[in-house]
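The structure appears below as structure tokens.
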Amino acid sequence: TPLPPVTCNDYEGSKIEYVRKYVVEEDQEMVMREMQISRIQEVLEHNEVHSFTCGIMEHGGYKRKRLDYRYYDKECQMILFSRTDVTNVYLEEQKKSQRMEELLLKAQTDPLTKICNFQATFDAISEKLTDTDDNYAFCFVDLDNFKQINDTFGHQYGDQVLREVADVLKKTFRRDDILGRLGGDEFVFLLRSVPNFQVMEPIFEKLCRQLQKTYTKDGKSVTISASLGAACAPGQGSTFTELYSKSDQALYEVKNQLKNGYRLYGN
């Protein structure tokens with residue numbers, strides 16, 4: 001692409017024309033700012049070079065350019081501008097970044113249900129709980145009679161049931177709520193902005209109805225359901241471990257009664 005003119009009486013006008021014509025839209029505002037003479041001088045007061053990259057549309061398609069400004073003669077206020085094609089380096093870095101994101105996602109995902117695994121769930125909930133200005137509901141979910149599914153129909157059938165359970169849970173909550181599988185038939189979720197437990201009761205009742213299901217194969221039937229134990233943050237705990245322990249106690253009480261129900265810790 002042609003550079004801005006070597007000599008001009010209107011630097012700002014030439015800069016705008018150059019940017020609008022060649023720089024990709026998402027980088028235009030940044031390039032406008034970084035090419036300002038005052039901005040260049042400001043950076044060069046503290047650094048040897050003022051450098052940034054941007055996308056350029058050339059006849060051959062998208063290119064990535066690095067723009068460098070440095071003093072040629074500081075006393076005379078003469079600035080040397082150079083431009084380097086870094087497209088290959090940029091594309092290689094993009095591939096590495098994408099690969100790292102894929103590996104990170106894989107490391108955080110339960111391979112069976114495609115929701116967060118234990119470690120990712122622990123980390124995400126622990127981070128969310130640092131916001132003490134919000135109220136949360138932490139819930140521990142355990143399936144009732146799931147072992148009978150594996151014993152009666154086999155583990156492959158049981159895996160499909162777990163995937164169905166995960167799908168039900170995913171459809172119940174908002175995108176910024178946190179849902180994860182701890183292992184086996186145990187799940188946890190954290191809901192944000194919950195002012196009191198009464199708000200959660202309709203959701204828990206709905207979950208209990210949706211997760212109660214009879215599976216039939218070769219003339220044999222097994223009915224599963226779900227027991228839920230909950231604790232509230234920050235009132236009943238401010239860490240994953242504290243909330244897990246208390247919701248587990250509430251879950252234990254549900255299991256010892258009729259199962260297929262829910263209970264808040266302390267109620």
Carboxylate-amine/guanidinium contact [X] [Y], below 4.0 Å:
X      : Y      : value
Asp176 : Arg192 : yes
Asp248 : Lys246 : no
Arg64  : Asp85  : no
Asp167 : Lys114 : no

Distance-only donor-acceptor check, side chains [X] and [Y], under 3.5 Å:
X      : Y      : value
Ser227 : Asp142 : no
Ser126 : Asp123 : no
Tyr262 : Glu205 : yes

Other members of the hydrophobic cluster containing [X], with the 4.5 Å side-chain heavy-atom rule, please.
X      : result
Val199 : none
Tyr252 : none
Val43  : none

### Partners meeting side-chain hydrogen bond (donor to acceptor under 3.5 Å, both in side chains) with Gln77 (sequence neighbours left out)
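For Gln77, the residues satisfying side-chain hydrogen bond (donor to acceptor under 3.5 Å, both in side chains) (neighbours in sequence not counted) are Gln41.
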### Message
If the condition is side-chain hydrogen bond (donor to acceptor under 3.5 Å, both in side chains), which residues does Ser221 pass it with, not counting sequence neighbours?
### Response
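Residues passing side-chain hydrogen bond (donor to acceptor under 3.5 Å, both in side chains) with Ser221: Thr216.
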### Message
Under the side chain to side chain donor-acceptor pair (under 3.5 Å) definition, can you give me all pairs with a residue in residues 127-139, not counting sequence neighbours?
### Response
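Every side chain to side chain donor-acceptor pair (under 3.5 Å) pair that includes a residue of residues 127-139, provided the two are not neighbours, is Asp134-Ser193.
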### Message
So does Met32 get a backbone contact from the side chain of Lys15, meaning a donor-acceptor N/O pair under 3.5 Å?
### Response
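Present.
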